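For reference, the structure discussed in these notes is given below.
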Amino acid sequence: MSVNSTPAEQAPAGLDLADYLRLLRVYWKAIVAFTLLATLLAFGWTVLQPKIYASESSGIVVTPGSDNVSLSLAGDSLAKAKVKNYESVAKSRLVANRVIASLGLETTADALLGAISVKVPLDTAEIRVTAQSPDPGTAQRVADAWVNGLAAEVRAIETATPPNNSAASPGAPPGTAASTPAPAVSILPLGKAVLPSTPVSPNVRLSLAVGALTGLALGVAYALVRRHLDRRIRNATEIERLFGVPVIGTLPIDHRLDGKSTILEEGAGAGPSPAGATGGAMGEALRELRTNLSFLDVDQPPRIIVVTSSLPGEGKSTVTANLAATLAAAGENVVVVDGDLRRPTLADVFNLVPGVGVTEVLAGTAALGDVLQPWSALPNLSVLGSGRIPPNPSELLGSLAMKKMLSTLAQTAIVLIDAPPLLPVTDAAVLSRVADGAIVVIQAGKTTQEQLGHSLGNLDKVRGRVLGTVLNYVPTRGTDAYSYYGTYSSEPAPAAARAPLGGRRAAQADGAGENVPVPVPAGLQAKN
């Protein structure tokens with residue numbers, strides 16, 4: 001995979017179950033907030049709604065009784081057939097007007113029909129009428145009156161006589177009136193409606209459930225949008241998946257570094273720690289970084305390493321200084337070179353005398369042995385400052401003199417170069433061509449995918465080798481927190497178990513380690 005390809009091209013097409021679970025863990029507070037807010041809004045809406053009560057009354061369609069079984073079965077079939085027709089009658093204005101007249105209601109038939117629902121259970125002759133009203137007593141009276149009004153309307157329909165049959169039958173004696181026909185079916189009320197005690201609307205449980213589900217859906221949608229828009233890098237897995245470069249170290253947040261660059265882990269490595277060594281999570285992380293660095297290429301271990309970042313403020317100088325101290329504490333000869341000829345900081349980090357350094361050596365005005373300063377805490381760690389700020393930093397860093405100087409230092413020590421950021425200037429990319437590789441420092445939660453992609457692309461354009469990345473400022477709490485298991489034993493690791501990075505370890509003949517100053521080749525010593 002090319003390191004200058006964009007994250008969009010490298011990202012997977014969709015999310016798997018693990019991605020969704022991580023999404024919930026990262027944005028669970030927002031999801032809970034949306035859910036609670038929507039639930040409270042639903043509850044408030046429910047409280048403001050008027051309470052509606054419902055009462056149900058029912059009637060059954062019956063036919064005249066008969067002792068004949070066949071006639072009884074026929075009557076039952078007739079009742080079931082008639083009830084379907086009378087269902088529409090029960091929803092008519094005729095019945096509504098009868099109810100309004102009987103109860104003396106001040107409303108219209110259409111308004112009353114809106115509060116009535118009629119249902120006929122399947123394969124029965126029963127008609128159920130449900131009346132709704134803000135007043136439970138009114139709902140009960142309307143339900144009973146509706147069944148009675150329907151019964152009266154059905155009776156009127158069944159006993160209605162056609163106009164041509166309203167006169168006396170031919171041949172009947174004068175003065176004889178037409179007889180009223182008996183109804184074939186009638187509706188018999190099945191009892192009184194029950195006075196409702198609890199409202200049917202609004203349904204508090206249903207409203208709260210709908211509100212909670214709506215809020216949950218909005219929360220998840222918010223999390224998905226945030227994930228899509230938030231391009232900041234937060235964990236090592238994301239770096240390896242999107243860019244295909246290894247993460248050789250993760251450094252946790254250490255509040256002692258807030259607002260300053262300093263060395264926390266003097267001697268955090270092999271053997272007993274000197275006074276002032278802090279250890280802890282940061283020490284363990286630096287030792288892990290040192291170990292991973294030693295296994296990058298066991299056949300040809302890197303001797304000249306550029307440490308850079310995408311933008312300023314991501315902690316590259318602090319990582320360089322602390323990594324150098326950790327390597328030196330393990331017995332390696334280390335030289336730290338301040339390759340930032342624009343805004344040098346290593347002199348302040350190591351509390352050394354500023355003034356002369358790289359620029360003077362490259363210009364030939366000073367010998368390397370004169371400007372190379374050993375660090376008092378670890379004599380086998382030396383620092384080469386930047387010197388005066390030149391007008392042409394990139395040209396100096398890419399010169400043959402710079403390459404020769406770094407090669408000379410690498411003969412006797414591991415060389416760590418604190419380089420400028422990759423995006424503002426090209427200095428780090430130029431240095432990567434004369435070095436064995438580059439380490440890119442990434443600040444968790446700040447560096448974006450696009451910034452890292454462009455940084456790796458700048459190195460790829462000059463054919464610079466990326467040894468790996470270091471994820472810095474990893475939070476100690478939360479989903480992507482740094483994991484630290486503490487110290488299992490206070491005993492130092494055996495010297496044989498501490499693999500060197502390729503440089504020579506200072507050792508006595510009897511095997512006891514001893515720190516010694518970094519030797520400088522004779523040709524580069526100061527000449528009097």
Side-chain angles (χ1 to χ4, degrees), residues 42-65 72 75-159 183-212:
F43 179 75
W45 177 85
T46 302
V47 171
L48 296 177
Q49 297 304 307
K51 294 182 179 180
I52 303 297
Y53 295 86
S55 182
E56 183 181 86
S57 184
S58 60
I60 188 169
V61 178
V62 297
T63 56
S72 297
D76 183 65
S77 299
L78 177 62
K80 292 179 180 180
K82 285 285 188 179
V83 73
K84 296 179 181 179
N85 298 329
Y86 292 139
E87 182 180 3
S88 59
V89 176
K91 301 176 182 178
S92 66
R93 292 186 179 88
L94 297 175
V95 179
N97 290 328
R98 286 179 180 271
V99 174
I100 291 173
S102 62
L103 298 180
L105 301 178
E106 296 181 357
T107 184
T108 62
D110 290 335
L112 189 59
L113 283 171
I116 297 296
S117 61
V118 179
K119 180 180 179 181
V120 176
L122 183 63
D123 201 24
T124 66
E126 182 183 1
I127 294 182
R128 296 177 183 175
V129 178
T130 302
Q132 294 183 350
S133 174
D135 178 59
T138 301
Q140 180 190 29
R141 292 192 300 272
V142 170
D144 286 333
W146 202 277
V147 174
N148 293 330
L150 176 61
E153 190 65 32
V154 170
R155 188 181 308 108
I157 293 174
E158 291 293 335
T159 57
V185 295
S186 60
I187 293 183
L188 178 66
L190 295 178
K192 297 291 185 178
V194 178
L195 181 66
S197 58
T198 57
V200 295
S201 178
N203 190 326
V204 179
R205 292 183 178 179
L206 179 61
S207 299
L208 294 181
V210 172

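Keep in mind that this is a model prediction, so the values were computed, not measured. The analysis underlying the following values was restricted to heavy atoms, covering all of them including side chains, and did not include hydrogens, waters or symmetry mates.
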Counterpart residues, side-chain contact (heavy atoms from CB on, under 4.5 Å), relative to Arg98 (two or more places apart):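 If we apply the side-chain contact (heavy atoms from CB on, under 4.5 Å) test to Arg98, skipping adjacent residues, the hits are Ala152, Glu153, Ala156.
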If you look at every heavy atom in [X] and [Y], which pair is closest and at what distance?
X      : Y      : answer
Ala109 : Ile100 : N-CD1, 3.7 Å
Asp110 : Arg93  : OD1-NE, 2.8 Å
Asp144 : Gly191 : OD1-O, 4.0 Å
Ala54  : Pro196 : O-CB, 3.3 Å
Ser57  : Ala143 : CB-O, 3.5 Å
Pro202 : Gln49  : CG-CB, 3.9 Å

Spell out, as yes or no, whether a donor-acceptor pair under 3.5 Å connects the side chain of Trp146 to the backbone of Ala90.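 Checked: pair present.
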Residues 112-127, side-chain donor-acceptor partners within the protein, below 3.5 Å, at least two apart:
residue : atom : partner : partner atom : Å
Thr124  : OG1  : Pro121  : O            : 2.8
Glu126  : OE2  : Ser58   : OG           : 3.4
Glu126  : OE2  : Arg128  : NE           : 3.2

From [X] [atom1] over to [Y] [atom2], what is the distance, rounded to the nearest 0.5 angstrom?
X      : Y      : atom1 : atom2 : result
Arg141 : Ser102 : CZ    : OG    : 10.5 Å
Asn203 : Ile52  : CG    : CD1   : 13.0 Å
Leu105 : Asn97  : CG    : CG    : 11.0 Å

Going through the checks in order, is the side chain to side chain contact (heavy atoms under 4.5 Å, CB included) test met by Glu56 and Val194? CA-CA 7 Å; Glu56 183 181 86; Val194 178; over 6 Å; no
Test applied, side chain to side chain contact (heavy atoms under 4.5 Å, CB included); reference residue, Leu150; option that passes from Ile187, Val99, Leu94: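 Exactly one pass, corresponding to Ile187.
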Quick one: list whatever passes side chain to side chain donor-acceptor pair (under 3.5 Å) with Asp135, sequence neighbours left out.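 Scan of Asp135 (side chain to side chain donor-acceptor pair (under 3.5 Å), adjacent residues dropped) gives Thr138.
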